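As the structure is a prediction and not an experimental result, all values here were calculated from the model.
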Amino acid sequence: MLLRIMDVYVRIVCVLVVLGLVGHVTAHGKCDDGEYPVRYSIIDYARTENIEVSGMKYLHLIKGRGENYKIPQEYFVSDFDDSDWNEATLPFGDNIICANALSKQSVLNKFVTKWPKGGANGSKSVLIVRDEFVVPNLVFDALKKRGNNVNKLIFEYIVDNDMVELALNGDHLISKPVVRDNCDGVTKPVEQILDVTSLKPGKNLLAMHVVDRGTMAYLNYKLSVEICQPQKLECDQC
């Protein structure tokens, strides 16, 4: 029964790839001769209020002028207790004054989950996010069956202001703050190539620590894999 399900899944994916409905061909990536890179979204930018992100929790902290704030220890590990955290849906934000610039990036130009902006009396608004998502085993098995290799893991995000820390399944992938300012800066997506070995079949945890320094707050992101795929799909694969 499982093999039959996998076979059906592979057939569907192959058809969608041929039609251009799943993933898009990228202009970069180091694949072998006779292969080309195709991206598949695991987590995509939220585009309407109806999109729900299962398993997402967040904690909001305020840091006053000259005041230190304490980040929960090991908030990025899978067994961390976030039972008293709030549930969330992408994107986070407050006082969206760069809505036109966000629209140009084809992402939702307003917030679904409120993340109060900083700035009052020099305060910083701190957001800690734990986003649990599942990568079906069938996806990994289907890719393996087709002879594809995961070439890259790409985290693309828009943040006002700073991405301070990012971890996937407990592995710290960003530990040096990425600082953004002004509408042109804070609304331009940042693409970060991550360690692909951090991704695993089944349940995964993406955790991040972001900071807003005032005026507007915003956070939205997507996670994709880049696959090296044969240029020509054989009939026995589809």
Side-chain contact, heavy-atom cut-off 4.5 Å: [X] with [Y]?
| X | Y | result |
| --- | --- | --- |
| Ser41 | Lys222 | yes |
| Asp212 | Leu127 | no |
| Ile158 | Leu102 | yes |
| Tyr45 | Pro189 | yes |
| Ile154 | Ile193 | yes |

Please name the pair of heavy atoms, one in [X] and one in [Y], separated by the smallest distance, quoted to 0.1 Å.
| X | Y | answer |
| --- | --- | --- |
| Asp82 | Lys57 | O-NZ, 3.1 Å |
| Asn109 | Ser103 | ND2-OG, 2.8 Å |
| Cys183 | Ala101 | O-CB, 4.4 Å |
| Arg130 | Val77 | NH1-O, 2.8 Å |
| Phe76 | His172 | CZ-CE1, 3.2 Å |
| Pro91 | Leu108 | CD-CD2, 3.6 Å |

When you measure from the side chain of [X] to the backbone N and O of [Y], does any donor-acceptor pair fall under 3.5 Å?
| X | Y | result |
| --- | --- | --- |
| Asn169 | Ser198 | yes |
| Asn161 | Val159 | no |
| Ser123 | Ile62 | no |

Taking atom [atom1] of [X] and atom [atom2] of [Y], what is their separation to the nearest 0.5 Å?
| X | Y | atom1 | atom2 | result |
| --- | --- | --- | --- | --- |
| Leu153 | Glu226 | CG | CD | 10.5 Å |
| Thr89 | Phe111 | OG1 | CZ | 13.0 Å |
| Asp160 | Asn182 | CG | CG | 9.5 Å |
| Lys152 | Leu194 | NZ | CG | 11.5 Å |
| Leu219 | Asp94 | CG | CG | 13.5 Å |
| Ile96 | Thr215 | CD1 | OG1 | 11.5 Å |

Give the intermediate values and the outcome of side chain to side chain contact (heavy atoms under 4.5 Å, CB included) for residues Val190 and Arg180. CA-CA 10 Å; Val190 179; Arg180 320 301 305 285; 2.7 Å; yes
Counting only heavy atoms from other residues, nucleotides and ligands, does the tally under 6.0 Å from CG of Asp84 exceed 12?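 Yes, CG of Asp84 has more than 12 neighbouring heavy atoms, counting only those of other groups under 6.0 Å.
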Examine [X] and [Y] and state if one hydrophobic cluster contains both, with Ile, Leu, Val, Met, Phe, Trp and Tyr joined whenever side-chain heavy atoms are less than 4.5 Å apart.
| X | Y | answer |
| --- | --- | --- |
| Leu205 | Tyr157 | no |
| Val134 | Ile43 | no |
| Val186 | Ile97 | yes |
| Ile174 | Val179 | no |

Practice prompt. Using the ring-ring contact (aromatic ring centres under 6.0 Å, His included) rule, take Trp85 and Phe80 through it: C-alpha gap first, then chi angles, then the decisive distance, then the call.
Written response: CA-CA 11 Å; Trp85 289 26; Phe80 177 85; 5.5 Å; yes
**Prompt:** Do Val126 and Ile71 pass the side chain to side chain contact (heavy atoms under 4.5 Å, CB included) test, and can you show the C-alpha distance, the side-chain angles, and the key distance before you say yes or no?
**Reply:** CA-CA 9 Å; Val126 181; Ile71 299 298; 4.0 Å; yes
Practice item. Starting from the C-alpha separation in whole Å, work towards a yes-or-no answer on side chain to side chain contact (heavy atoms under 4.5 Å, CB included) for Leu199 and Val225. Key: CA-CA 9 Å; Leu199 191 68; Val225 290; 3.6 Å; yes
Fit a plane to each ring of Tyr58 and Phe92, take the angle between them on a 0 to 90° scale, and name the class: parallel (under 30°), tilted (30 to 60°) or perpendicular (over 60°).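 Rings of Tyr58 and Phe92: perpendicular, over 60°.
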Quiz item: Could you walk me through whether Tyr221 and Phe155 pass the ring-ring contact (aromatic ring centres under 6.0 Å, His included) check?
Solution: CA-CA 7 Å; Tyr221 55 85; Phe155 181 61; 5.6 Å; yes
Given side chain to side chain contact (heavy atoms under 4.5 Å, CB included), test Lys124 with Asp162 step by step and report yes or no.
CA-CA 11 Å; Lys124 294 181 180 180; Asp162 309 330; 5.9 Å; no
